[in-house]
Amino acid sequence: MRGASRAPLIALLAAVPLAAAAQDAERIEPADEESRVEQTIVVTGSRISNANLTSPSPVTTVGADQIQTRGTVRVEDMLNTLPQINPSEGAGRANEAAGTANVDLRGLGAERTLVLVDGRRLPYGSPVSAPADLNQIPSMLVERVEVLTGGASAVYGADAVAGVVNFIMKDDYEGLMMDVQVGGYQTANSSDLLERTLREFDQPVPDSTWDGESVDVNLIFGLNGDNGRGNLTGYFNYKKQNEVLQGDRISSACALGFSNGDFTCSGSGTTFPGQFTSFGGGAVPFSFTLDEDGGIRDYNPATDTYNYAPLNHFIRPNERYSFGAMGHYQIHEKVEAYGSLSFMNDITTAQIAPAGNFFQTTTINCDNPLLSPEQVQVICLNNGYSPTAPDLEDRDAPLQIGRRNVEGGGRQNETEHTSFRVLGGFRGDLNNVWSYDVYGQYSQVQYSDKAENFFNLDLVANALEVRIDPETGEPACQVAIDGTDPNCVPYDVFSLDGVTQGALDYIQAPGFREGEVTQEIFSAVMTGDLTDYGMVMPWAETGVQTVFGAEYRDEYLTQSNDALTRNGKLGTARADVAGGVAVYEFFTEVQVPLVENRPGIDELLVTGAYRFSDYYDTTGDQSTYAAGLAYAPVPDYRFRAQYQRATRSPNPLELYAPQSPFEFTLPTGANGLYDPCAGANPAATLEQCARTGVTAAQYGRIPDNPAGQFRNISGGNPDLEVETSDTFTVGVVATPAFVPGLTVSVDYFDITVEDFIGSVPEEQSINQCLTTGDEFFCGLINRGSNGELWASEDAFVIATNLNTGSLETSGVDVAASYGFEIGQYGSIDVSYLATFLSKLDKEPLPGLDVIECAGYFASTNASCGTSKPEYRHNLPVTWNMPWGDASLTATWRHIGSVDLVGATQSNINTTLEERNYLDLFLRASLRENIGFRFGVNNVFDKNPPVSTNVGSAGGSFGNGNTFPQAYDALGRFVFAGVNVEF
């Protein structure tokens, strides 16, 4: 089916010129500002193109001017400032970064937000991250962004559970425009608390700095032809972003820990010059490190952990090229051809701390000449293992090594995405009643990931098994002595400066994975204005509007890995993935004006939508629908309400991703440890810990992971069912005539998702097992041979995909704008956009206690994840000056405080305090065709709130002790740009 569908698509695209895919309503020139606003509302959320009718669903619109006000280089940075958006994958993530940028409406997950460009959906972002990649969108060509809250599956199909983000592009440009913007981050790195912490633990304190420079170059050209019958618009964009390391910021210069009511510099037990331990096993348990003279001393977890933070990227370096063209041409009075072409190549490198032996080798041969006599005594002789045992196997003593590869440098993943998207179709009016739109679209995303400075664990094991070569009398690998691998070079971690370049060349290995995403769409839509047929209600002047359509969509992804990566020899195992989702759909819409221009009823209309979908290879048939009502007693006030049933069929990653080890984080307990059963004085009792698999001998001797990172088993589930959601919105829009220039809207939203696809939060599984002993939750926990949940391959918590419980969110959006003249000094425009979040509840499984996330944050996405403040707002004030077409904008951004979900005490580590940011932006025309802009975001250089509980790998998009996608984590951003038009 996929192969057969390409032929008609190619034929269709070959028959039309390159052009933009825009709805008919978007090309109607509004008569005044009021009609422009109403038209904007109707574009996203309905295929009915009558700009005189108003949608019952609220839509937030961000115009091109507002985008420039932020100096946006990355589209996700602009969206993340909107109160309705919850930060997701972006440039501020390093560990396990997908290299994409996502948008997450209402905090329901990026996979539940549908992303459109000119009303057409984008493909999956990559073979490792299904949500659409915003990097494909050229920000300078964006005319406006429309954010529709609530389910819209009846109009647009699956994935619009939380809502829709629709990027409307400039598709009718004439002339030539060049734009260049440069920017960078400046910070004083000032914090008495964090500076004191760094100095106390002998960590470098970063000075005032300027870094993270970026450049954004755009070229846009367009021409009209044949007396206005057609237009061709093209663009080219180049962007470059320099890196910022966590060591360059005072808030992230060390991996924070928390003890005795204050922050500490903590880190990883995989340290340097190393931790050598039996993890509480053996007759005489041990845990030692090397002292300054090369001898051994007891390992101290309070002072000997490795500060992995400084080398981690706080913002990834990135380089991107994109170009494209779009156009339309009136072939006949009833036929307009249109199409578009876009190409993007994006390369980014994610760097995290050096690799190492993360306790992955479990024994050492006691006749190893690299061991000192003292080490032989502690590891071997004290525990009954002899270096002279007759059989070589009997000389192997238990030993697990945690040692960083500081000699090899940070681990790096260079990720490249190359996307191509082409669309072509025909549209027009058949007569005064019916219009049509038929199009085909093909998208492809190529993906590659090159890993450097990782260890091949098999070769590490070879390089640690060292004996005296009888031929040379020198230490040599056992596999070199017996001829199995003559290339092996001993890896001496038992002495200071013992690691050689030859050993690194042997044990380090590159990794590689690649994949592809393809999307094919065929769509046909008929839109009718039935007024001429007499289908007009008795008290209305406008007739019934209707839509009928059909669509076929096929989305497929593949991802393959080299053998080392696939088998987990370089760290986390990355199994190959292949699968797709195909669907046939039929849909309809209707708008019925019931009453117009009557006393007490300026307008009363009802709307409805229905879509039938057949996912014939996966989840089968499903129906989505919507019903709405709009009522305006007088032109100044309009009330609106809508109910929508939406569905989401699981994507290929959720269905087919193989189950493999990954990581999760746990919050800090009252005793300063993460695992409630770890340490000499565990937070949980022996009886409770025994339910999770802890023995009496292990209790009180289980090692905690000082980085708070533990192992899980995650992956897909081919038996997943459909998610369903119900959305209810009700609101009012007021434009009172007695206050000219004032517009206010207030909208209540309530969204409930049932059978949502996710996993049982690992923390929830552990807590439920500890407190209830429930066999289901206890069965998900598998402790290692030493009772831990992180150091052994047999230590993990199962967290694979399943249809879990429910998600529910509700709140109120408030938007207001007011403009007024100030005489000879110009005018003032004031806007206000806020969200009051009253509820965001997650029920992990039916019957379990609900996790309340409104006003909270957590270390994992399976719980609450990134900050969910109860109140956020944006408040820009613009002074339009009477001189030189200039304006000055000051924006106040507010993010409310949040607490750690489930915290039993309140302190600086369990609360992320509120943040208020001030942004300034100046725009002026130097000449008629030359514009200049300058701006500073986060003028007062506010540091982000920090906590040890933000999560990182496999967690909640936390990085550098904070959520860099939610807060201004890098300091003040300063930018300047110039725009020239010809």
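- Of the possible donor and acceptor atoms, none in the side chain of S947 sits under 3.5 Å from a partner among the backbone N and O of V950.
- To the nearest 0.5 Å, atoms CG (N907) and CG (L900) are separated by 9.0 Å.
- Side-chain atoms of D396 never come within 3.5 Å of backbone atoms of T363 as a donor-acceptor pair (strictly under, hydrogens ignored).
- A donor atom on one side chain and an acceptor atom on the other are not found under 3.5 Å apart for Q768 and D774.
- No donor-acceptor pair closer than 3.5 Å links the side chain of N561 to the backbone N or O of T565.
- Side-chain contact between Y385 and P398: present, with at least one pair of heavy atoms (C-beta onward) separated by less than 4.5 Å.
- A donor-acceptor pair under 3.5 Å is absent between the side-chain atoms of K842 and the main chain of L840, judged by distance alone.
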(message) Is there a side-chain hydrogen bond (donor to acceptor under 3.5 Å, both in side chains) between E843 and S806? Walk through the geometry before answering.
(response) CA-CA 5 Å; E843 184 186 38; S806 63; 3.2 Å; yes
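- V760 approaches F776 most closely through the heavy-atom pair CG2-CE2, 4.4 Å.
- One finds the CG atom of N95 at 6.0 Å from the CD atom of E663 (value rounded to the nearest 0.5 Å).
- No side-chain donor from either of Q698 and N786 sits under 3.5 Å from a side-chain acceptor of the other.
- Between the side chain of N949 and the backbone N or O of N909 there is at least one donor-acceptor pair closer than 3.5 Å.
- No more than 12 heavy atoms of other residues, nucleotides or ligands sit less than 6.0 Å from atom CD of E913.
- Listed by first and then second residue, the side-chain hydrogen bond (donor to acceptor under 3.5 Å, both in side chains) pairs involving residues 667-679 are T668-T948, D675-R783 (not counting sequence neighbours).
- Using a distance-only test at 3.5 Å, with no hydrogens or angles considered, a donor-acceptor pair links the side chain of N365 to the main chain of V466.
- Heavy atoms of other residues, nucleotides or ligands lying less than 6.0 angstrom from CG of D794 number more than 12.
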(request) Give the intermediate values and the outcome of side-chain hydrogen bond (donor to acceptor under 3.5 Å, both in side chains) for residues Q377 and N382. (result) CA-CA 6 Å; Q377 182 69 46; N382 288 352; 2.7 Å; yes
(request) Any chance you could lay out the salt bridge (charged side-chain N to carboxylate O under 4.0 Å, His left out) test for R196 and E200, step after step, and finish with the verdict? (result) CA-CA 6 Å; R196 185 175 67 249; E200 181 180 351; 5.6 Å; no
(request) Go through the steps to decide whether T800 and N717 satisfy the test side-chain hydrogen bond (donor to acceptor under 3.5 Å, both in side chains), and finish with yes or no. (result) CA-CA 7 Å; T800 51; N717 179 358; over 6 Å; no
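- Crowding of N300 atom CG: a count of heavy atoms from other residues, nucleotides or ligands under 6.0 Å exceeding 12.
- For residues 265-276, the pairs satisfying side-chain hydrogen bond (donor to acceptor under 3.5 Å, both in side chains) are S268-R404, Q275-S287, with sequence neighbours left out.
- Each of T665, I766, L789 was scored for a side chain to side chain contact (heavy atoms under 4.5 Å, CB included) with F710, with one residue passing: L789.
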(request) Before giving the answer on side-chain contact (heavy atoms from CB on, under 4.5 Å), spell out for I250 and L198 the whole-Å C-alpha distance, their side-chain angles and the decisive distance to 0.1 Å. (result) CA-CA 8 Å; I250 197 167; L198 291 171; 3.9 Å; yes
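- Between C864 and A858, the closest heavy-atom pair is N-CB, 3.6 Å.
- From E292, atom CD reaches atom CG of L290 across 11.5 Å, with rounding to the nearest 0.5 Å.
- Screening residues 365-374 for salt bridge (charged side-chain N to carboxylate O under 4.0 Å, His left out), with sequence neighbours left out, gives D367-R395, D367-R467.
- When ring centroids are compared, W790 and F796 stay outside the 6.0 Å threshold.
- Residues Y856 and S863 have side chains that never bring a donor and an acceptor to within less than 3.5 angstrom of each other.
- The main-chain N or O of G672 is never found under 3.5 Å from a side-chain atom of N260 such that the two would form a donor-acceptor pair.
- Among residues at least two apart or in separate chains, side-chain hydrogen bond (donor to acceptor under 3.5 Å, both in side chains) pairs with a member in residues 453-463 are D458-K569, N462-Y506.
- A donor-acceptor contact shorter than 3.5 Å links the side chain of N312 to the backbone of A353.
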(request) Please step through side-chain contact (heavy atoms from CB on, under 4.5 Å) for the pair Y491 and R403, ending with a clear verdict. (result) CA-CA 11 Å; Y491 181 46; R403 188 193 189 277; 3.5 Å; yes
(message) Go through it in stages, so that I can follow the logic: the residues are T692 and C677, the test is side-chain contact (heavy atoms from CB on, under 4.5 Å), and I'd like the CA-CA distance, side-chain angles, deciding distance and then a yes or no.
(response) CA-CA 9 Å; T692 73; C677 294; 4.2 Å; yes
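- A 6.0 Å sphere centred on OH of Y306 holds more than 12 heavy atoms belonging to other residues, nucleotides or ligands.
- Listed by first and then second residue, the salt bridge (charged side-chain N to carboxylate O under 4.0 Å, His left out) pairs involving residues 682-698 are E687-R691 (not counting sequence neighbours).
- When all heavy atoms of N961 and C254 are compared, the closest pair comes out as ND2-O, 3.0 Å.
- Note: F263 and F258 meet the aromatic proximity criterion, with ring centroids under 6.0 Å apart.
- A side-chain donor-acceptor contact under 3.5 Å links D291 to the backbone of G294.
- Ionic pairing of R297 and D304 is present here: one or more N-O contacts between side-chain nitrogen and carboxylate oxygen are shorter than 4.0 angstrom.
- With T361 contributing its side chain and N357 its backbone, the two residues share no donor-acceptor pair below 3.5 Å.
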(request) Please test L193 against I908 for side-chain contact (heavy atoms from CB on, under 4.5 Å), starting from the C-alpha separation and ending with a verdict. (result) CA-CA 11 Å; L193 170 64; I908 58 174; 4.2 Å; yes
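- The two residues H313 and N959 have their closest heavy-atom pair at O-ND2, 2.9 Å.
- Evaluation of the salt bridge (charged side-chain N to carboxylate O under 4.0 Å, His left out) test over residues 763-773, restricted to residues two or more places apart or in two chains, returns none.
- Annotation: E852, atom CD; neighbour count of heavy atoms from other residues, nucleotides and ligands within 6.0 Å does not exceed 12.
- For the residue pair N712 and A799, the shortest heavy atom distance occurs at ND2-CB, 4.2 Å.
- Note: L912 CG to S897 OG = 9.0 Å, rounded to the nearest 0.5 Å.
- Electrostatic pairing of R93 and E89 counts as a salt bridge here, judged by a charged N lying under 4.0 Å from a carboxylate O.
- Nearest heavy-atom pair across P964 and G92 is CG-O, 3.2 Å.
- For the pairing with F276, the ring-ring contact (aromatic ring centres under 6.0 Å, His included) check across F359, F494, F286 returns one residue only, F494.
- Residues Q412 and E452 bring no donor and acceptor atom of their side chains to less than 3.5 Å of each other.
- With rounding to the nearest 0.5 Å, the separation of OG1 in T962 from CZ in R249 is 13.0 Å.
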